[in-house]
Amino acid sequence: MDTKHIEFMKLALDEAKKAGQKDEVPVGAVLVAESGDILSRSHNQTISLSDPTAHAEIMVLRQAAQKASNYRLLSTTLYVTVEPCIMCMGAIVHARVAKVVFGTYDPKWGAAGSLYNFATDKRLNHQPELLHGVCQDECRALIQDFFRTRRNSIRQTESR
């Protein structure tokens with residue numbers, strides 16, 4: 001495994017942890033230029049912003065597009081802790097992100113190999129390269145622990 005992928009995924013994990021601390025679903029993302037410069041980094045903020053589109057991936061795409069004054073983010077690599085959903089993969093394709101590196105699959109929402117695979121759909125005008133499994137165990141544990149804790153909290157509340 002390329003050490004740069006691990007390094008950037010660790011930064012995405014840091015972002016995911018920030019989301020979890022805010023009681024947001026712990027997903028983090030980092031967008032990196034071909035040069036290796038970090039263009040943007042963020043985490044899920046759907047609850048805090050009351051915005052169903054405020055996923056980590058969307059947030060980094062928005063930030064980078066604003067900086068570049070261009071919605072096309074050519075030759076970039078997106079690092080995200082969990083497989084992007086349909087909405088996010090759609091935005092990734094529209095932004096022409098070159099590569100998506102993610103930690104763990106999302107069997108309920110994933111659009112990069114689980115439920116759907118937008119990256120291999122030749123009917124779309126862009127197919128980003130995919131790499132999965134970077135820091136997989138840590139990414140999976142973070143999201144599973146979050147939902148386990150949430151379910152236990154709900155059960156405790158219901159039993160009162």
Side-chain angles (χ1 to χ4, degrees), residues 1-32 40-62 64 73 76-158:
M1 180 71 52
D2 191 335
T3 57
K4 73 176 179 176
H5 293 320
I6 294 169
E7 174 188 332
F8 289 126
M9 188 60 74
K10 294 283 187 186
L11 295 175
L13 277 159
D14 290 344
E15 288 294 325
K17 290 171 187 171
K18 289 179 190 176
Q21 291 166 354
K22 297 175 185 176
D23 211 28
E24 299 270 4
V25 175
V27 177
V30 176
L31 189 67
V32 179
S40 55
R41 54 192 290 175
S42 194
H43 52 273
N44 276 4
Q45 298 176 60
T46 58
I47 296 166
S48 58
L49 296 178
S50 299
D51 180 353
T53 69
H55 289 197
E57 301 95 322
I58 300 294
M59 300 304 289
V60 297
L61 294 176
R62 286 178 182 160
L73 300 168
T76 58
T77 300
L78 176 67
Y79 292 85
V80 61
T81 56
V82 178
E83 176 185 8
C85 70
I86 295 164
M87 173 184 69
C88 292
M89 278 304 292
I92 289 163
V93 169
H94 279 288
R96 313 298 196 282
V97 171
K99 185 173 191 171
V100 178
V101 179
F102 64 94
T104 190
Y105 280 106
D106 184 347
K108 294 185 179 184
W109 291 97
S114 289
L115 290 177
Y116 303 97
N117 194 341
F118 284 17
T120 60
D121 191 331
K122 300 295 184 201
R123 297 170 296 176
L124 300 174
N125 66 340
H126 177 70
Q127 292 82 35
E129 180 184 344
L130 295 178
L131 175 63
H132 66 87
V134 177
C135 302
Q136 180 175 331
D137 293 340
E138 192 174 350
C139 291
R140 183 185 306 124
L142 185 63
I143 195 101
Q144 286 178 340
D145 290 349
F146 174 82
F147 284 112
R148 185 177 304 112
T149 301
R150 183 177 268 182
R151 282 190 302 274
N152 289 339
S153 177
I154 291 168
R155 286 185 194 122
Q156 288 175 352
T157 303
E158 290 172 348

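Every heavy atom of this structure was used, including side-chain atoms; hydrogens, water molecules and symmetry mates were not.
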Open item on the list: Tell me every residue that passes salt bridge (Lys or Arg N to Asp or Glu O under 4.0 Å) with Asp51, counting only those two or more places apart in sequence or in another chain.
Closed with: Arg62

TODO: List in chain and number order the residues that pass side chain to side chain contact (heavy atoms under 4.5 Å, CB included) with Thr46, two or more places apart in sequence or in another chain; answer none if no residue qualifies.
DONE: Glu24, Ala54, His55

Open item on the list: Checking Ala29 now: which residues fulfil side chain to side chain contact (heavy atoms under 4.5 Å, CB included) with it, not counting sequence neighbours?
Closed with: Ala56, Val60, Leu78, Val80

- [ ] Could you tell me which residues satisfy side-chain hydrogen bond (donor to acceptor under 3.5 Å, both in side chains) with Thr76, sequence neighbours excluded, listed by chain and number?
- [x] none

Task: Separation between OG1 of Thr81 and CD of Gln136, rounded to the nearest 0.5 Å - done: 12.0 Å

TODO: Would you name the heavy atoms of Pro84 and Val100 that are closest together and state the gap between them?
DONE: CG-CG1, 4.1 Å

Open item on the list: Going by the rule salt bridge (Lys or Arg N to Asp or Glu O under 4.0 Å), which residues pair with Glu138 if we only count those two or more places apart in sequence or in a different chain?
Closed with: Lys10, Lys17

- [ ] Would you name the heavy atoms of Ile92 and His126 that are closest together and state the gap between them?
- [x] O-CD2, 4.4 Å

Task: Any Phe146 side-chain heavy atom under 4.5 Å of Leu142 side chain - done: no

TODO: Would you check if Ile58 and Cys88 make a side-chain contact, meaning some heavy-atom pair closer than 4.5 Å?
DONE: yes

Task: Residues which pass side-chain hydrogen bond (donor to acceptor under 3.5 Å, both in side chains) with Asp145, listed by chain and number, not counting sequence neighbours - done: Arg148

Task: By side chain to side chain contact (heavy atoms under 4.5 Å, CB included) - contacts of Lys99 (at least two apart) - done: His5, Thr77, Val101, Glu129, Leu131

Open item on the list: Can you tell me which residue among Lys18, Glu15, Gln21 is in a side-chain hydrogen bond (donor to acceptor under 3.5 Å, both in side chains) with His43?
Closed with: Glu15

Open item on the list: To check you understand the geometry: which heavy-atom pair defines the closest contact between Pro26 and Ala19, and what is its length?
Closed with: CA-CB, 3.9 Å

Open item on the list: Going by side chain to side chain contact (heavy atoms under 4.5 Å, CB included), name the residues that satisfy it together with Ala64, two or more places apart in sequence or in a different chain.
Closed with: Leu31, Leu39, Ser40, Leu73

- [ ] Report the distance from atom CG of Leu115 to atom NZ of Lys108, rounding to the nearest 0.5 Å.
- [x] 10.5 Å

- [ ] With sequence neighbours excluded, give me every side-chain hydrogen bond (donor to acceptor under 3.5 Å, both in side chains) pair touching residues 112-123.
- [x] Glu83-Ser114, Asp121-Arg123

Open item on the list: Which heavy atom of Ala16 sits nearest to which heavy atom of Gly28, and what is that distance?
Closed with: CB-N, 3.4 Å

TODO: Check salt bridge (Lys or Arg N to Asp or Glu O under 4.0 Å) between Asp23 and all other residues, then give those that pass, not counting sequence neighbours.
DONE: none

- [ ] Could you please spell out the steps behind the side-chain contact (heavy atoms from CB on, under 4.5 Å) verdict for Val32 and Lys4?
- [x] CA-CA 11 Å; Val32 179; Lys4 73 176 179 176; over 6 Å; no

Task: Point-to-point distance, once rounded to the nearest 0.5 Å, from CG of Leu61 to NE2 of His94 - done: 11.5 Å

Task: 4.5 Å side-chain heavy-atom contact, Asp137 and Arg140 - done: yes

Task: Heavy-atom pair with the smallest gap, counting every atom of Gln127 and Ala119 - done: CB-O, 2.9 Å

Task: For Tyr105, ring pair (Phe, Tyr, Trp, His ring centres under 6.0 Å) partners two or more places apart - done: Phe102, His132

Open item on the list: In the structure I gave you, are the side-chain heavy atoms of Val25 and Ile47 within less than 4.5 Å of one another anywhere?
Closed with: no

Task: Flag side-chain contact, heavy atom, 4.5 Å: Glu57 against Val97 - done: no

Task: Cys139 versus Gly103, closest heavy-atom pair with distance - done: SG-CA, 3.8 Å

- [ ] Using salt bridge (Lys or Arg N to Asp or Glu O under 4.0 Å) as the criterion, list what pairs up with Arg96, not counting sequence neighbours.
- [x] none

